[in-house]
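All values derive from a computational prediction rather than experimental measurement. Proteins come first, then strands; the chains are lettered A, B, ... in the order of their sequence lines, and each starts at number 1.
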Amino acid sequence: MAEKVTPRSEDYSRWYTDIVLQAKLADYSPVKGAMVIRPNGYAIWELIQKNLDRMFKDTGHVNAYFPLLIPESFMAKEAEHVEGFSPECAVVTIGGGQKLEENLYIRPTSETIIWAMYKKWIMSYRDLPLLINQWANVIRWEMRTRLFLRTSEFLWQEGHTAHATYEEAEEETRKILNVYKTFAEEYLAIPVIPGKKSDSEKFAGALHTYSIEAMMQDRKALQAGTSHNLGQNFAKAFDVQFQDKDGKLNFVYATSWGVSTRLIGALIMAHSDDRGLVLPPKMAQRPVVIVPIFRADDEKKAVLEFADKIHQELKSRFNVIYDSREQYKPGFKFAEWELQGIPVRLEIGPKDVANNKVVLVRRDTMQKEFIERNGILDRVTKELDTMQKELLEKARNFRDQNTLIVDDYKKLREIMDGDGGFVMSHWCGSPECETKVKEDTKATIRNIPFAGDKEQGKCIVCGRDSVQRVIFAKAY
RNA sequence: CGGGGCGUAGCGCAGUCCGGUUAGCGCACCUGCCUUGGGAGCAGGGGGUCGGAGGUUCAAAUCCUCUCGCCCCGACCA
């Protein structure tokens with residue numbers, strides 16, 4: 001614990017790693033590219049699961065579980081899909097000490113096994129829509145890994161739905177993206193931009209892909225969630241047809257969508273500071289810590305009695321950490337809980353007992369305030385609500401300040417060579433222009449925002465006509 | 001695939017060039033005392049097949065050969 005977090009200004013990626021390790025969110029595993037998610041990190045994932053799951057259920061989805069291992073032949077059925085995923089797949093070739101007759105892929109995603117099953121389950125339009133989600137792990141072999149942001153194995157949820165019409169599938173794709181947006185903003189306190197991916201960035205096997213894009217504190221973009229309209233590609237590959245009201249056979253329309261433990265990386269990079277993790281209250285399983293402070297024995301008794309009552313009172317509403325450990329000094333405890341991102345700290349010492357007050361310190365602003373002991377439950381509740389809102393506002397302001405409208409290619413290059421950020425520029429839609437920007441600046445088109453103004457313009461690369469601006473940014 | 005570097009306690013390292021008591025230091029850990037409003041102090045303690053195998057030698061963390069693993073840069077890929 002004596003080790004210090006590297007300041008962001010000195011080395012941003014080192015800072016990120018320091019926070020993950022020192023806040024005990026995760027640790028490196030013996031297997032290269034894999035990570036262990038520790039209790040502090042898993043607590044965040046549980047809150048993501050809990051809240052998103054409720055939102056999925058509210059929109060009519062149900063959970064199921066499909067197997068980890070996928071027959072090689074399934075993977076091969078959708079051409080674009082297999083081409084996109086094969087290089088990053090882990091494959092099981094031996095089982096029970098014997099070479100397998102057919103290799104088994106460890107799922108990089110579950111479309112193929114799910115559509116093989118949907119073929120059995122979907123007969124008629126009465127079976128539609130089929131709205132299934134699963135919480136699972138997947139493996140994608142990665143060369144360069146980073147804790148939470150890119151690991152070979154990660155946890156996620158993947159929704160897979162089947163619909164009777166293209167329009168319905170499209171509506172589902174958009175609806176889920178909106179669920180993601182709401183979740184990111186209301187819970188993670190991260191503002192996001194929903195939009196459509198360019199063809200080069202779309203999911204292997206999709207008609208088109210939508211994403212929500214967030215800006216991190218180093219001004220790089222992070223894709224925080226994706227939603228795909230798969231059209232009839234998988235239905236055709238797996239021969240999933242249904243009979244409509246008129247008795248005619250049609251291929252079903254599909255969607256898939258997911259968010260992963262990468263969101264934890266986003267959460268860290270969006271709010272944390274040089275002292276450590278900063279958790280939005282709604283993402284803190286334990287939002288409050290009480291640190292009693294005392295010297296002599298008589299003082300100790302009074303302080304602990306006072307603090308204990310407050311603890312009991314707060315416990316009725318929050319999961320409170322009551323840190324009465326005597327082997328550590330208060331300063332040490334302050335630093336430790338700050339590092340772990342606990343949103344609100346209450347310091348209770350002899351002076352507070354005498355004045356019937358408590359010191360409240362908010363993790364994000366670090367401001368100390370004497371608050372009345374009476375009514376403390378509502379006061380803490382209010383402070384947590386305010387903090388949740390202000391974190392979102394702060395992140396939004398930061399993003400807006402670092403989002404620039406640019407019409408000059410030289411300017412675009414300058415920005416990407418310098419501080420970076422989101423650059424809103426016109427794009428003609430050609431892959432060539434997209435590639436040129438990437439080669440020149442390492443920035444890519446993050447997405448084509450839904451909310452973008454439909455304005456006439458000229459492509460920033462080639463000067464051809466364009467109807468809308470897109471987001472250029474370097475990305476994780 | 002090319003170049004460079006590193007494997008010694010849980011972590012970070014010294015010792016290796018030039019072989020020689022019982023392999024050491026910081027942090028962490030355990031026990032006790034003392035402390036407590038911003039990361040305390042003192043005393044004591046536990047913890048090591050020196051990455052692995054073979055060799056040279058009276059004697060190897062140290063020299064030689066082989067081998068395994070990891071990191072960085074480049075190339076490749078995205």
Practice item. Could you check Arg14(A) against Glu10(A) for salt bridge (Lys or Arg N to Asp or Glu O under 4.0 Å), going step by step and ending with a plain yes or no? Key: CA-CA 8 Å; Arg14(A) 184 66 198 273; Glu10(A) 190 181 312; over 6 Å; no
Would you classify [X] as touching base, sugar-phosphate or nothing, given that sugar-phosphate means primed atoms plus P, OP1 and OP2, and contacts are heavy atoms under 4.0 Å?
X	answer
Arg345(A)	base
Val359(A)	base
Lys351(A)	base
Lys442(A)	nothing
Pro350(A)	base
Glu338(A)	base

What integer number of Å spans the [atom1] atoms of [N] and [M]?
N	M	atom1	answer
U21(B)	A60(B)	P	11 Å
A14(B)	G48(B)	C1'	15 Å
G37(B)	C29(B)	C1'	28 Å
U8(B)	C50(B)	C1'	4 Å
U31(B)	G47(B)	P	16 Å
G46(B)	A28(B)	C1'	13 Å
G26(B)	C68(B)	C1'	30 Å
A9(B)	G51(B)	P	8 Å

In whole angstroms, how far is the [atom2] atom of [N] from the [atom1] atom of [X]?
X	N	atom1	atom2	answer
Leu339(A)	A28(B)	CG	P	15 Å
Glu83(A)	A78(B)	CD	C1'	14 Å
Lys300(A)	U36(B)	NZ	P	13 Å
Met366(A)	G38(B)	CE	C1'	9 Å
Arg14(A)	C72(B)	CZ	C1'	14 Å
Leu21(A)	G12(B)	CG	P	11 Å
Arg325(A)	A40(B)	CZ	C1'	15 Å
Phe294(A)	U36(B)	CZ	C1'	7 Å

Can a salt bridge be assigned to the pair [X] and [Y] using a cut-off of 4.0 Å between side-chain N and carboxylate O?
X	Y	answer
Lys436(A)	Asp440(A)	yes
Lys410(A)	Asp408(A)	no
Lys357(A)	Asp352(A)	no

Tell me the partner of [N], counting only Watson-Crick (N1-N3 plus N6-O4 or O6-N4) or G-U wobble (N1-O2 and O6-N3) with both under 3.5 Å; none if nothing fits.
N	answer
U56(B)	none
C70(B)	G5(B)
A14(B)	none
C29(B)	G45(B)
C50(B)	none
A61(B)	none
A75(B)	none

Exercise for review: Identify which nucleotide among A40(B), G38(B), U36(B) has an atom closest to any side-chain atom of Phe334(A), counting heavy atoms from C-beta outward.
Suggested key: G38(B)
Revision key, fill the gap. Among the nucleotides G38(B), U36(B), G39(B), whichever has the atom closest to the side chain of Lys368(A) is G38(B)
Review point. Does Trp45(A) have its ring centroid less than 6.0 Å away from the ring centroid of Trp135(A)?
Key: yes
Check your understanding: Hey, do the aromatic rings of Tyr105(A) and Phe85(A) have their centres closer than 6.0 Å?
Key -> no
Scan nucleotides 33-35 of chain B against the protein and return all N/O pairs shorter than 3.5 Å with their distances rounded to 0.1 Å.
none

Check your understanding: Could you give the distance from CG (Asn137(A)) to CZ (Phe154(A)), rounded to the nearest 0.5 Å?
Key -> 9.5 Å
Practice item. Can you run down the side-chain hydrogen bond (donor to acceptor under 3.5 Å, both in side chains) pairs that involve residues 77-100 of chain A, sequence neighbours left out, and say none if there aren't any? Key: Glu80(A)-Lys202(A)
Review point. Only one of Val291(A), Ile293(A), Ile321(A) clears side-chain contact (heavy atoms from CB on, under 4.5 Å) with Lys333(A); which?
Key: Val291(A)
Quick one: side chains of residues 298-305 of chain A, donor-acceptor pairs under 3.5 Å with protein atoms, not counting sequence neighbours, listed by atom name and distance.
from      : atom 1 : to        : atom 2 : distance (Å)
Glu299(A) : OE1    : Arg295(A) : N      : 2.6
Lys300(A) : NZ     : Glu326(A) : OE1    : 3.2
Lys300(A) : NZ     : Glu326(A) : OE2    : 2.8
Lys301(A) : NZ     : Glu305(A) : OE2    : 3.4

Check your understanding: Tell me, which pairs form a ring-ring contact (aromatic ring centres under 6.0 Å, His included) where one or both residues lie in residues 8-33 of chain A, sequence neighbours left out?
Key -> Tyr12(A)-Trp15(A)
**Study point:** ring pair (Phe, Tyr, Trp, His ring centres under 6.0 Å) involving Tyr476(A) - partner list, sequence neighbours excluded
**Key:** none
**Study point:** Check: Arg275(A) side chain, G39(B) base, donor-acceptor under 3.5 Å
**Key:** no
Review point. Can you list, by residue number, the residues of residues 201-213 of chain A that have a non-hydrogen atom closer than 4.0 angstrom to RNA chain B?
Key: none
